Amino acid sequence: MPTVSERRYDPKQIEPKWQEIWADEHTWEVSNDAAHDGPSPDTREKSYVLEMLPYPSGEPHIGHLKNYALGDAIAHFHRRIGRRVLHPMGYDAFGLPAENNAIKTGIHPRIATERSIASYRHWFHRWGISIDWSRELATHEPSYYHWTQWIFLKLFERDLAYRKRAAVKWCPVDQTVLANEQVIDGCCERCGSLVEIRQLEQWFFRITDYADRLLDDLDTIHWPEHVKAMQRNWIGRSEGAEVVFRCEDLDPAHPIDYPVFTTRPDTLFGATFFVMAPEHPDVFKLAEGTEYEQSVHEYVNHAITESVELRGDADKPKTGVPLGRTVTNPVTGQQIPMYVSDYVLMEYGTGAIMAVPAHDQRDYDFAKTFDLPIRRVVAPRGEGDQDGGGATQSVSADARAPEDSAFTAHTQDEVLINSGQFTGMNAVEGQRAIVEWLDREGNGHESVSYKLRDWLVSRQRYWGCPIPIVYCERCGMVPVPEDDLPVELPEIEDYQPKGRSPLAAAEDWVSVKCPDCGGHARRETDTMDTFVDSSWYYLRYCDARNDHAAWDRQVLRSWMPVDQYIGGVEHAILHLLYSRFFVKALADMDLMDTQEPFQALFTQGMILGPDGNKMSSSKGNVIAPSEIIERYGADAARCYVLFIGPADQDAAWSETGIDGVYRRLLARLWRLADELAENSVTTEAADQPIDPEGDALTIVRKANWAIEKVTRDVADRFAFNTALSAIIELINEIYRYPDADRQARRFAAATAASLVFPFAPHLGSEAYEMLTGRRVWEEPWPDADPSMLQTETFELVCQVNGRVRDRVHAPSGAERNELEKLCLESRGVKAHVDGHEISKVIVVPDKLVNVVVR
RNA sequence: GCGGCGGUGGCGCAAUCGGCUGACGCGGUGCCCUCAAAAGGCACUGUCCUUCGGGACGUGUGGGUUCGAGUCCCACCCGCCGCACCA
């Protein structure tokens with residue numbers, strides 16, 4: 001028989017016990033019955049709580065633990081406040097790392113991936129995450145990608161999926177194209193190698209059609225400001241005008257119009273030259289026959305082979321070559337010279353710009369290098385009035401450099417100068433007037449430009465979802481009929497990338513009959529970007545076992561949108577933008593009913609190594625969750641990652657920190673439960689005692705205070721660190737009064753167990769059962785007793801001139817003059833008031849009194 | 001350059017609506033329990049001055065508003081994150 005002193009908190013005993021119960025009883029499964037009018041409809045409010053699905057590679061790391069501990073706390077909280085909670089799990093199983101690993105080790109990506117999935121599944125159970133396992137999915141299973149292909153076909157039908165030849169980003173190491181979003185500082189996001197530009201025919205999704213809605217609807221969702229800012233930034237909407245510059249040099253009878261985009265139409269009078277991107281299709285045609293023909297060829301050939309990174313460097317001195325031609329500035333009628341320069345980008349605007357050296361830093365730098373005229377056309381009010389007269393005067397090339405302020409956006413306080421009929425107008429009004437004039441004269445119009453490009457979705461790799469398209473010799477491009485889906489990924493021997501998809505080698509698979517004419521056809525051999533798979537998985541969870549459709553519309557309506565999405569900020573652009581696009585496109589096709597996938601988003605911070613650096617095996621600072629769980633148990637690990645600091649901030653792992661949570665929170669609560677349960681029949685309820693007094697009252701009050709505090713911290717602010725602090729405070733308070741009424745202490749300890757359950761579900765369940773004989777997850781979330789939140793006296797803060805001089809007890813709800821009297825009578829206040837004249841007394845009821853003296 | 005977020009003890013951080021700065025945890029110090037240790041419990045722990053009553057100072061810097069500012073306003077410094085020759 002173990003003696004009492006040998007009994008201690010032992011997570012190794014407690015945790016498997018509860019995990020088994022939850023698994024055996026399918027405790028966290030939730031049905032779809034509420035979607036249909038059944039005999040006994042589930043009328044609870046729905047709540048869809050979702051963490052970003054993991055990419056299964058090796059074993060889960062500490063970041064996963066934090067992500068799922070966080071989501072699980074929210075899911076548990078929502079269940080206990082009476083909601084019908086969907087909390088599923090799946091795996092983003094296709095992707096490059098598994099394939100690269102396959103190339104290295106010879107292990108088939110499916111084998112490695114499924115092995116990893118088994119590990120993740122094991123650990124999610126071991127961590128005690130409350131997952132509805134009946135909805136588990138993996139994106140590499142045909143039962144899932146069947147519907148990924150179906151969505152592709154729907155997009156294709158709507159011309160939202162299309163094929164075109166374009167200059168695309170190509171990773172020479174991974175031997176595949178990349179989406180713009182996957183290129184970081186000119187390098188491949190995955191392997192870090194320098195990205196090249198290639199002209200290839202590729203599949204795109206027309207996300208640019210949705211640019212405005214993706215921008216505007218950010219206002220309708222509850223996301224962190226910085227994530228919204230990143231999306232706005234990425235979409236990059238700029239408002240301005242398209243202005244046409246006419247070139248009559250080649251053939252006056254057939255002039256060519258070159259439109260440019262500008263955000264500063266008010267500076268049009270200052271456009272003194274014109275620049276084209278090296279990739280502009282007309283560059284060679286324009287230079288042909290001029291003295292610059294040869295140098296233009298040399299310049300362009302050099303520019304297009306230069307690395308993206310090198311060319312993008314803003315500090316690089318401006319280079320370029322004249323084209324030997326001119327265009328007409330539509331407002332001045334002036335002939336201005338044309339240049340080709342690599343500081344103009346083909347992929348933004350029209351690939352050509354009007355250059356206004358007086359009001360644009362880049363144009364200014366170019367003008368200085370090539371000795372071109374600089375003409376100021378906007379000036380601060382007052383300054384502008386003096387030289388406004390010489391409207392058409394040309395300004396010499398060595399004109400004074402404009403002050404830095406000249407490069408900033410125009411304001412009401414600036415006026416147009418040297419701008420013909422528009423001179424004297426303020427810049428904002430002038431801009432409007434110039435655009436109107438352009439429109440009237442047929443030389444331009446208002447226009448909007450975006451940074452966002454269409455999403456390149458095809459990949460020349462094996463381990464991905466096949467694109468359900470065939471190419472027929474007679475009919476051309478033909479979609480695979482829906483009934484023939486899924487197009488299954490064939491087994492192949494050799495995944496080695498060779499610049500075309502490894503699937504191309506699977507001749508039996510590639511060669512098919514045309515679905516339309518029955519003639520000879522070949523399958524598309526590219527696979528889809530894995531971001532396609534993860535752009536809709538949250539929809540599939542709603543109806544994960546549906547064999548006839550991607551989802552039932554009614555079921556989808558009963559769960560979507562995701563009420564709380566949780567994940568790392570690294571997906572702020574890619575995954576979150578693509579998912580928003582998918583939902584809008586699907587809603588437009590009348591396939592679903594929400595406009596946004598994720599109503600609220602929480603981005604968790606990273607757990608850094610103990611040295612404060614990002615964990616990496618090369619730094620040797622990796623904390624393995626398995627070791628932590630072994631030593632402290634899942635509850636301690638879960639609580640610690642939430643206690644370490646605000647959940648949205650990065651925090652360094654600390655061994656002594658987790659030890660503190662283990663001892664001060666979990667072990668102490670367990671000992672309380674053990675002490676208070678030992679002599680009682682376990683079925684006895686731990687209700688709040690009636691009319692407690694003295695120490696018992698203090699404890700009961702603290703318990704109610706903790707209920708209130710934890711509820712608000714979890715519900716309103718995701719402040720898990722302070723919620724856990726409050727539970728520790730409650731436990732400390734119970735220890736402080738070991739001789740207080742037993743029922744009060746049992747009530748308080750049971751409350752602590754109930755409150756800690758969303759964070760430490762095993763200990764929460766164990767302690768609650770020890771104290772009450774009940775299952776804590778079947779109990780409603782506690783409500784604070786309002787009468788216990790009030791006290792009959794409070795500590796009145798007594799200030800003189802804003803400085804605290806004393807503290808006295810005062811009755812709650814006392815009148816202002818009573819409080820004033822108490823304050824003036826207090827010793828500390830008297831000492832500072834005597835001999836001075838009181839000029840004013842500020843009373844804040846139930847808080848403080850401030851005496852102002854001269 | 002543009003956009004976003006931060007700066008408070010030895011450390012991680014708390015202060016939610018303009019009202020006691022430093023909750024909670026770590027670290028540190030002392031005590032209790034013990035033959036002893038482990039485990040556990042309790043107390044103290046911003047700086048300086050002190051006649052031991054207390055006093056002065058303290059939230060990146062400088063100003064402002066206010067009876068009162070970590071919190072609001074203006075200017076600046078520093079750090080982190082995202083984007084960037086984006087016209």
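No experiment lies behind these values; they were computed from the predicted model shown. Naming convention: chains lettered A, B, ... in sequence-line order (proteins, then strands); numbering from 1 in each chain.
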Review item, nucleotides 20-22 of chain B N/O atoms under 3.5 Å of protein N/O:
unit_1, atom_1, unit_2, atom_2, d
C20(B), O2, Arg807(A), NH1, 2.6

- Query: Partners of Ala211(A) by side-chain contact (heavy atoms from CB on, under 4.5 Å), sequence neighbours excluded?
  - Reply: Ile235(A), Tyr450(A), Leu452(A)
- Task: Kindly state which residues belonging to residues 821-837 of chain A come within less than 4.0 angstrom of RNA chain B, counting heavy atoms of the residue only, listed by number.
- Result: His832(A)
- Query: With sequence neighbours left out, what residues match Phe261(A) under ring-ring contact (aromatic ring centres under 6.0 Å, His included)?
  - Reply: none
- Applying salt bridge (charged side-chain N to carboxylate O under 4.0 Å, His left out) to Arg664(A) and not counting sequence neighbours gives none
- Message: So, using side-chain contact (heavy atoms from CB on, under 4.5 Å) as the criterion, who are the partners of Ala572(A) when residues are at least two apart?
- Response: Val227(A), Met230(A), Val569(A)
- Rounded to the nearest Å, what distance is computed from the CD1 atom of residue Ile607(A) to the P atom of nucleotide C13(B)? 12 Å
- Query: Which residue pairs pass the salt bridge (charged side-chain N to carboxylate O under 4.0 Å, His left out) test when at least one of the two sits in residues 712-722 of chain A, sequence neighbours left out?
  - Reply: Glu708(A)-Arg712(A), Lys709(A)-Asp713(A), Asp713(A)-Arg717(A)
- Does Asp834(A) have any salt bridge (charged side-chain N to carboxylate O under 4.0 Å, His left out) partners at least two apart in sequence or in another chain, and if so, which? none
- Note on the structure: Counting primed atoms, P, OP1 and OP2 as sugar-phosphate and everything else as base, the B/S/- map of nucleotides 23-28 of chain B against protein heavy atoms under 4.0 Å is BBSSS-
- Which residues pass the salt bridge (charged side-chain N to carboxylate O under 4.0 Å, His left out) test with Lys840(A), sequence neighbours left out? none
- B/S/- along nucleotides 79-87 of chain B (protein heavy atoms under 4.0 Å) is ---BS-BBB
- Stem segments of RNA chain B by first residue number [Watson-Crick or G-U, under 3.5 Å, at least 3]: B:1-7 with B:77-83, B:10-12 with B:24-26, B:27-32 with B:40-45, B:46-49 with B:54-57, B:60-64 with B:72-76
